[in-house]
Amino acid sequence: MTFQEQIQQGIPTVLPQPKPYDSNINHAPKRKEILTNEEKKLALKNALRYFEPKHHTTLIPEFKEELEKYGRIYMYRLRPDYEMKARNINEYPGKSLQAKAIMLMIQNNLDYAVAQHPHELITYGGNGAVFQNWAQYRLTMKYLSEITDEQTLVMYSGHPMGLFPSHKDAPRVVVTNGMMIPNYSKPDDWEKCNALGVTQYGQMTAGSYMYIGPQGIVHGTTITVLNGFRKIKKNPSGSLFVTSGLGGMSGAQPKAGTIAGCVTVCAEVNPKITKIRHEQGWVHEVIENIDELVTRTKKALTNKEVVSIAYLGNIVDVWEKFDKENITIDLGSDQTSLHNPWAGGYYPTGFSFEASNEMMANHPEQFKAEVQKTLRRHADAINKHTAKGTYFFDYGNAFLLEASRAGADVMNPNPTLGREFKYPSYVQDIMGPMCFDYGFGPFRWVCASNNPDDLAKTDEIACTVLEEMMQNSPAEIQQQMADNIQWIKGAQQNKLVVGSQARILYADAEGRIKIAEAFNQAIAKGEIGPVVLGRDHHDVSGTDSPYRETSNIYDGSRFTADMAIHNVIGDSFRGATWVSIHNGGGVGWGEVINGGFGMVLDGSKEASKRLEMMLFWDVNNGISRRSWARNEGAIFAIKRAMQTQPLLQVTIPNIVDENLL
């Protein structure tokens with residue numbers, strides 16, 4: 001069968017042969033035993049509803065074995081034989097260009113070079129899934145090959161509910177992931193419902209088909225590291241950035257440190273993902289011996305090298321050893337997946353990777369105790385360094401939150417509203433006041449032709465637009481403009497593409513609209529092929545997350561999620577090609593509500609109208625909320641937006657004299 005025929009086939013009427021378990025692939029850890037015997041029967045019934053009754057006798061023992069062996073039913077047998085990667089949009093079968101673009105994005109999320117656990121359909125974060133099983137993948141791709149621009153596909157936590165009558169200006173796909181009733185949104189609720197096959201953790205851009213590999217976070221991390229050094233008034237050259245995590249999105253950290261120009265030491269316990277990042281060139285060197293790491297780090301600092309070093313081992317050992325050796329850490333953070341602490345997101349020190357995985361699956365309470373013990377040691381070591389001048393920030397991965405739950409010494413002795421912890425979230429200190437409040441966030445695009453030449457042309461277009469805008473931009477956003485122009489000029493030489501031909505830069509609403517319109521005009525002229533617009537959910541207005549995206553909201557509304565819901569509703573009727581809303585993200589299940597979108601540009605006048613209307617709302621919705629919280633930069637930004645758009649009228653807060661209070 002051709003690639004197109006396999007897509008159109010969906011779930012085959014004749015079952016394919018079972019697939020051998022490929023030990024060369026980075027697999028998800030076994031999930032803990034959580035279902036009763038009756039619930040296991042229910043999980044099997046739920047899985048078997050994708051298949052004709054004639055197959056049930058064959059599949060029941062197979063799915064039962066998967067459930068017992070891995071804690072989930074992945075349906076490995078149905079994994080396609082074709083290479084999983086983003087192709088030229090014209091290679092996909094179908095009646096809708098928009099649907100073909102979504103197929104491209106789904107396959108990019110599952111590309112072996114992009115996905116963390118591709119055979120388990122997990123893109124990043126240890127549990128950020130595109131689908132729960134391979135039957136869902138096959139059925140979704142079939143629906144997308146059949147959909148017209150008068151229909152909408154409804155996605156229900158990985159399950160394709162079906163095609164519904166719609167209209168050409170409606171989204172082609174509407175995605176929800178993990179939208180639990182609030183009282184049933186604890187971590188074990190997810191474990192149980194995911195094992196039953198009725199919900200999934202979509203992370204932020206995994207379950208919404210908008211992940212573009214670690215490039216997406218390289219830019220945000222680069223901006224964070226640069227501004228972190230500016231905050232402590234140090235030159236990155238000859239300075240040290242220490243962090244941890246190389247899997248999924250955290251793999252961007254050493255590349256970002258290199259672009260910023262410092263020495264980066266990043267610890268990772270997983271040998272496979274460390275090897276992948278080294279082969280991809282995202283980290284320069286791999287060291288397994290802690291004494292060798294000390295020697296190499298000292299040499300790099302003395303020579304002011306721009307180098308990234310992966311330490312294959314536990315980050316706690318690095319912090320403790322560097323303290324004993326009096327190695328000065330200038331910037332410190334952590335990007336292990338602590339939103340997922342009991343299922344592979346964070347590993348205890350003192351145990352091998354294999355022993356930790358065995359303990360996680362078979363002795364979960366012991367594993368939890370060891371993780372919490374390690375978190376206390378981790379925090380103690382960080383505290384010793386910060387007492388000597390290290391600037392440490394939480395990278396929104398729930399490090400401080402989980403450390404506090406473990407009883408670690410991370411609480412602020414003199415708490416003020418919204419600053420419970422000793423150390424700030426990077427959003428509180430850096431990204432929030434410097435970027436999000438002014439409307440700057442991770443705007444991204446994918447060249448659907450999959451042609452590197454098209455990406456180079458879009459880079460040129462975006463750079464030209466930003467340089468023209470900067471000539472008349474106010475002083476308040478000159479630094480953001482300059483950083484992004486520098487970024488886009490170095491994008492090609494830094495070899496940021498992994499998977500699809502994609503790019504990211506931070507832009508405000510004006511920048512996003514002007515860049516998108518310039519792309520649409522270039523498509524209309526035949527200079528480039530179609531382009532898919534999107535963004536990380538980690539943005540100005542798509543996400544309500546009290547310990548990350550909205551951590552610099554101090555009016556008491558941090559724990560509300562109105563903004564994210566408004567955002568996805570507004571995007572839906574303003575022209576987005578697909579929209580998504582999720583429970584859970586980089587900070588944890590039940591800790592965040594986040595929404596995203598995708599938009600296909602095809603060079604038409606309709607696309608031009610949609611992009612202007614939707615992108616304006618997508619950003620200014622969040623600025624309005626931040627303005628109402630009395631954030632100074634956001635008040636400036638929304639007043640400026642009202643001057644450019646007479647139909648925009650936003651309520652501006654009145655400021656109370658503190659002396660009166």
Look at [X] together with [Y] and state whether they make a salt bridge at an N to O cut-off of under 4.0 Å.
X    : Y    : result
K100 : E91  : no
R640 : E510 : yes
E549 : R626 : no
D394 : R548 : no

Side chains of [X] and [Y]: does their closest heavy-atom pair fall under 4.5 Å?
X    : Y    : result
I223 : D483 : yes
I212 : I504 : yes
E83  : Y112 : no
F443 : L533 : yes
F597 : W578 : no
L466 : N484 : yes
T224 : M431 : yes

Side-chain H-bond candidate by donor/acceptor type, [X] with [Y], under 3.5 Å:
X    : Y    : answer
T221 : Y395 : yes
D334 : T243 : no
Q492 : D459 : yes
R444 : Q215 : no
Y423 : T386 : yes
S473 : Q478 : yes
S237 : N235 : no
T458 : W445 : yes
H538 : T543 : no
H339 : Q203 : yes
T205 : Y124 : yes
D429 : Y391 : yes

(message) Looking at S604, is its backbone amide N or carbonyl O close enough to the side chain of S608 to form a donor-acceptor pair, meaning the two atoms are under 3.5 Å apart?
(response)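 Between the backbone of S604 and the side chain of S608 there is no qualifying donor-acceptor contact (under 3.5 Å).
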
(request) Measure from the side-chain N and O atoms of N88 to the backbone N and O of S449, and report whether any donor-acceptor pair falls under 3.5 Å. (result)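 Such a contact is found between N88 side chain and S449 backbone.
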
How are the rings of [X] and [Y] set to each other: parallel, tilted or perpendicular (split at 30° and 60°)?
X    : Y    : result
Y506 : H219 : tilted
H378 : W319 : tilted
H537 : H582 : tilted
F3   : Y92  : perpendicular

(message) If we check side-chain hydrogen bond (donor to acceptor under 3.5 Å, both in side chains) with S308, which of these qualifies: R277, H284, Q253?
(response)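 With S308 as partner, R277, H284, Q253 yield a single side-chain hydrogen bond (donor to acceptor under 3.5 Å, both in side chains), made by H284.
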
(request) Show the numbers, then the answer: is there a salt bridge (charged side-chain N to carboxylate O under 4.0 Å, His left out) between K85 and D111? (result) CA-CA 5 Å; K85 65 177 184 179; D111 186 324; over 6 Å; no

(request) Kindly compute the distance separating CD (E527) from CG (D454), expressed to the nearest 0.5 Å. (result)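 The CG atom of D454 is 10.0 Å from CD of E527, to the nearest 0.5 Å.
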
(message) For the CD1 atom of I485 and the CG atom of L505, what is their distance to the nearest 0.5 Å?
(response)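 The distance works out to 10.0 Å.
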
Could you check whether atom [atom1] of [X] has more than 12 heavy atoms from other residues, nucleotides or ligands sitting under 6.0 Å from it?
X    : atom1 : answer
E476 : CD    : yes
K321 : NZ    : yes
K272 : NZ    : yes

(request) Start with the C-alpha distance between R296 and E292, add both sets of side-chain angles, then the distance that settles salt bridge (charged side-chain N to carboxylate O under 4.0 Å, His left out), and finish with yes or no. (result) CA-CA 6 Å; R296 181 68 185 95; E292 184 183 340; over 6 Å; no

(request) Walk me through it: do K489 and E467 pass the test salt bridge (charged side-chain N to carboxylate O under 4.0 Å, His left out)? (result) CA-CA 11 Å; K489 284 184 173 178; E467 287 178 329; 2.9 Å; yes

(request) Please name the pair of heavy atoms, one in G585 and one in N594, separated by the smallest distance, quoted to 0.1 Å. (result)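 The answer is CA-ND2, 4.1 Å.
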
(request) Kindly give the heavy-atom pair with the smallest separation between G603 and N520, and that separation in Å. (result)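 Heavy-atom minimum between the residues: N-OD1, 2.7 Å.
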
